[in-house]
J.: 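This structure is in structure tokens; I'll ask about it shortly.
Numbers restart at 1 for each chain; the letters A, B, ... are given by sequence-line order, proteins then strands. Predicted, not measured: the structure shown is a model, and the values here were computed from it.
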There are 2 protein chains.
Amino acid sequence: MAAEPRRADEILEVAARLFYERGYPSVSIRALAHASGIQGGSLYHHFASKEEMLYRICLYGSEGFFAGLGPTLTAGGSFSERLQEFVRSYVLRFWERRYPIAVLFRESHHLSPAHSEELRLVRRRFQQRFQRFLAEGVAAGEFTVPDPKVAGIAVLDLLNGIDNWRRTSGRLGIEEVAGNYAVLVAQLVGARSRKGASV
Amino acid sequence: MAAEPRRADEILEVAARLFYERGYPSVSIRALAHASGIQGGSLYHHFASKEEMLYRICLYGSEGFFAGLGPTLTAGGSFSERLQEFVRSYVLRFWERRYPIAVLFRESHHLSPAHSEELRLVRRRFQQRFQRFLAEGVAAGEFTVPDPKVAGIAVLDLLNGIDNWRRTSGRLGIEEVAGNYAVLVAQLVGARSRKGASV
DNA sequence: GTCTATAGCTTGATAGAC
DNA sequence: GTCTATCAAGCTATAGAC
């Protein structure tokens, strides 16, 4: 990735789009090569296998995304304020990298067991980090949910659903969608300011 | 489906599970046959093609599910009460038929264009029906959301996420999960009783 | 770094016996 | 209703020329 980055990354960007649209097993080596303007055999100069292509796409989707969201949960401000920033940041980052991230979420079970497990753990740790944040908010009296673990999964599922329905031609800009979701998630967790006033 | 229902339906039940676990393109005719204890060629006595198997599974997932949920939105009671019953019913029905329904949601783009479009329309009409319900609840002063269309999609995405994380061995029974989600969704839409008291 | 050619295998589907 | 045998096509990956 450092030695000869450019051509390989161009190919992976095209491949991410194809895996996103048709699913990993339905995209042949020939189709991947054709979309990059080369022949099938030439791909093996850049990658050892089709699985390696999927792995590097998933890794790119994972890198930065989960790690970049962590700080929003530990920044200053009330739990409600931090949650708002988390949601806003999640939506914008997700949308920006939606092809590799959606491929990570939907196709990573086609990876080798080792690669699949590696990526699953990163995601799992992130989910747990978010669930802990909600539990802390409940303990602090800012959030009200029946079960922070269920609520955490529900929020993340809701956010991940964006790429199922939003189109670039949509009625709302991505900033508006982010603002909308920030309000909905705040209501979902029963957020109220520390002053005690109902939201 | 009425003339010679039994054997074909047994095969489809096994097939739904396999498509659910591995994805349609990754399940071969031979694998489908093996899981039903017969040979590959024998499947073509029951089905004209692999695509027909997928179609009938998706159709089974769709049938009853969407139509059965409609009445909960038009039943008696306040908007909040109807929403509670909708969510409860959604979770229980979804879980009961999770293999064919998840296959419908995740794999129907592998159908022929005509079949895919047919099922897409049924789902789309259901989504719109639910969005209209939320808009009416907002107009009646029972719900508060920034945009009923976005809120509707968000709620359905949240509910559909269940099969991503719940296992039959899970900590909570499906009834508990349903109750949990009913509370979360009520909070998400800002539900308050007609008396005006904050939930 | 890309090409052509091809090995080795699996795929969905068909034909015909029983 | 299930079997065996098989076809034609497509698949991933490799080899070697340029």
Side-chain angles (χ1 to χ4, degrees), chain A residues 1-58 103 107-116, chain B residues 1-59 103 106-116:
Chain A
M1 194 130 87
E4 201 64 10
R6 258 242 297 268
R7 189 72 179 110
D9 287 351
E10 281 174 13
I11 293 170
L12 288 180
E13 194 175 332
V14 172
R17 179 83 186 252
L18 288 179
F19 290 159
Y20 175 86
E21 288 170 347
R22 308 187 207 162
Y24 174 77
S26 299
V27 181
S28 68
I29 287 287
R30 288 167 177 79
L32 289 166
H34 178 76
S36 287
I38 55 177
Q39 294 297 314
S42 305
L43 277 180
Y44 291 87
H45 174 76
H46 302 281
F47 311 101
S49 66
K50 188 183 166 190
E51 194 265 358
E52 189 198 320
M53 298 182 70
L54 178 61
Y55 176 62
R56 288 179 57 174
I57 289 168
C58 290
V103 167
E107 309 291 330
S108 59
H109 62 287
H110 291 116
L111 290 167
S112 71
H115 284 159
S116 181
Chain B
M1 194 131 86
E4 200 65 11
R6 258 244 293 271
R7 189 70 178 110
D9 287 350
E10 282 174 13
I11 294 171
L12 289 181
E13 194 175 332
V14 173
R17 179 83 187 252
L18 289 179
F19 289 160
Y20 174 85
E21 288 171 346
R22 308 186 207 162
Y24 175 77
S26 298
V27 181
S28 68
I29 287 287
R30 284 161 180 81
L32 289 167
H34 178 78
S36 286
I38 57 178
Q39 294 296 314
S42 305
L43 277 180
Y44 290 87
H45 175 76
H46 303 282
F47 312 101
S49 66
K50 189 183 167 189
E51 193 266 356
E52 188 197 322
M53 299 183 68
L54 177 60
Y55 176 62
R56 289 179 59 173
I57 289 168
C58 289
L59 203 59
V103 167
R106 299 196 310 225
E107 309 290 331
S108 60
H109 63 288
H110 290 116
L111 291 167
S112 71
H115 284 160
S116 180

J.: Is the closest basic N to carboxylate O distance between A/Arg56 and A/Glu52 below 4.0 Å?
T.: yes
J.: Decide if atom NE2 of A/His34 counts as having more than 12 heavy atoms of other residues, nucleotides or ligands within a radius under 6.0 Å.
T.: no
J.: Can you measure A/His34 atom NE2 to C/dT4 atom P for me and round it to whole angstrom units?
T.: 14 Å
J.: Should the pair B/Arg106 and B/Tyr20 be classed as cation-pi, given the thresholds of under 6.0 Å to the six-membered ring centre and 45° from the axis?
T.: yes
J.: Apply side chain to side chain contact (heavy atoms under 4.5 Å, CB included) to B/Leu43 and B/Lys50, showing your working.
T.: CA-CA 9 Å; B/Leu43 277 180; B/Lys50 189 183 167 189; over 6 Å; no
J.: When the distance from CZ of B/Arg22 to P of C/dT11 is rounded to whole Å, what number comes out?
T.: 11 Å
J.: Starting from the C-alpha separation in whole Å, work towards a yes-or-no answer on side chain to side chain contact (heavy atoms under 4.5 Å, CB included) for B/Glu51 and B/Ser112.
T.: CA-CA 8 Å; B/Glu51 193 266 356; B/Ser112 71; 3.4 Å; yes
J.: Under 4.0 Å between a side-chain N/O of B/His45 and OP1 or OP2 of D/dC3, yes or no?
T.: no
J.: Looking at every heavy atom in both B/Ala31 and B/Leu18, which two are closest together, and how far apart are they?
T.: O-CD1, 4.0 Å
J.: Expressed in angstrom and rounded to an integer, what is the separation of A/Glu10 atom CD from C/dG1 atom C1'?
T.: 13 Å
J.: Quick one: what's the B/S/- string for nucleotides 4-18 of chain D, heavy-atom cutoff under 4.0 Å, read 5' to 3'?
T.: B-B----BBBB----
J.: From CG of A/Leu43 over to C1' of C/dT2, roughly how many Å is that when rounded to an integer?
T.: 11 Å
